[in-house]
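Before any comments, here is the structure.
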Amino acid sequence: MKIGGIILVILGLLCLPQGLIFIVPGVILFLLSQKRKQAANSSDGPAPSRSGGGSQNAPPVPPVVISPDLDGSAGSSFGSWDVSIHGADGQDVRMDRALFQNIVIRSYDPATGSAEILGTRGEVYKTDLDRCTCEDFQRRGLPCKHIYKLALARGYSIDAFFSARSDVVLYADGCQVYHTSPDCRGLRNRYSRRSTVSMAEHNGLRPCKTCCGGK
C-alpha cells in the first residue's frame, strides 16, 4: 500500500496538471499505510529483556553480619601477619578502600574463618585472614582490601592499624592541611580524622607549617 501510494504520487507529478488525479489517491494510500504500521507497533508487546535471566535487576546482596572475635586494641594484628606488615607501602591505600569502597561480605564460615567477598567490579573472591584469591593479593602477597574488610568485620580496628604506622597525620573536615601533632593550634580542637602522609597528599592536603617541620 505504501509503495503504491508513492508510485501514484510520482506519476501525478510527472503528468501535471492532469496528474492531480493520481496525486490525491497516492497521498491517501501513503497515509493509510503509516496508520496501519503505527497500529501494528502499538499492539506488539515489550521487547524481551537481554539481561541474561534478569540478573541486572536482581536486588543487592545484603552484607553478612559477623560476630567480632579479633582483638582490635592498639598494637594488635590478625591472622599470621606481624603488626609491622601494616606499615608497609600501600597498606594505607588498601585499608582506605576497605573502609570506604562498596565491598560486601556475601557469606562467612565461622568454622574455617573464610568468606566470599563481592568486589567493587562484581567479582567474588574467597578470602580469609591470611590469603585472598584477588589479583592484588596474588601479586603482592600482602593484606589486600578484601582481607582488611574481613578483619574489620571480625573486630580488627582502625586504631590497631594506625598504631602500626609512623606516618599517621590528622586533619579536620573542610581543612586543607594535615598535622602531625594533635595539639597543633591549626586543628583548634575540631574533630580530626586520621590518615597517612601519602593518603593526605593524595587527597590534596598540604603539610602544616607549624607542626610538620616547617615544610
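Only this structure's heavy atoms are used, side chains among them; waters, hydrogens and symmetry mates stay out. Since this is a predicted model, take the numbers as computed values, not measurements.
- In this structure, C208 and C184 approach most closely via the heavy-atom pair SG-SG, 3.7 Å.
- Not counting sequence neighbours, Y156 has no partner by the side chain to side chain donor-acceptor pair (under 3.5 Å) test.
- Considering all non-hydrogen atoms of both residues, I105 and L150 come closest at CD1-CA, 4.1 Å.
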CA sep, side-chain torsions, deciding dist, call: D128, T112, side-chain contact (heavy atoms from CB on, under 4.5 Å): CA-CA 8 Å; D128 59 33; T112 61; over 6 Å; no

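- In the model, S181 has no side-chain atom that pairs as donor or acceptor with a side-chain atom of D183 under 3.5 Å.
- Classified by interplanar angle (parallel below 30°, tilted 30° to 60°, perpendicular above 60°), the ring pair Y148/F161 is perpendicular.
- Remark: K126 engages E116 in a salt bridge, criterion side-chain N to carboxylate O under 4.0 Å.
- Side-chain atoms of D92 and S198 include a donor-acceptor pair closer than 3.5 Å.
- Q138 and R131 share no donor-acceptor pair across their side chains, judged by distance under 3.5 Å alone.
- Across all their heavy atoms, P143 and R94 have their closest contact at O-CG, 3.8 Å.
- A donor atom on one side chain and an acceptor atom on the other are found under 3.5 Å apart for D130 and S80.
- Partners of H146 under the ring-ring contact (aromatic ring centres under 6.0 Å, His included) rule, at least two apart in sequence or in another chain, are Y125.
- Listed for the S163 side chain is a donor-acceptor partner under 3.5 Å among the backbone atoms of G75.
- For the residue pair Q176/Y171, the side-chain donor-acceptor check at 3.5 Å is not satisfied.
- The closest side-chain donor-acceptor pair between D159 and S157, if any, does not fall under 3.5 angstrom.
- Closest approach of D136 and C144 over heavy atoms only: OD2-CB, 3.5 Å.
- Here D69 pairs with R154 under the side chain to side chain donor-acceptor pair (under 3.5 Å) rule; sequence neighbours left out.
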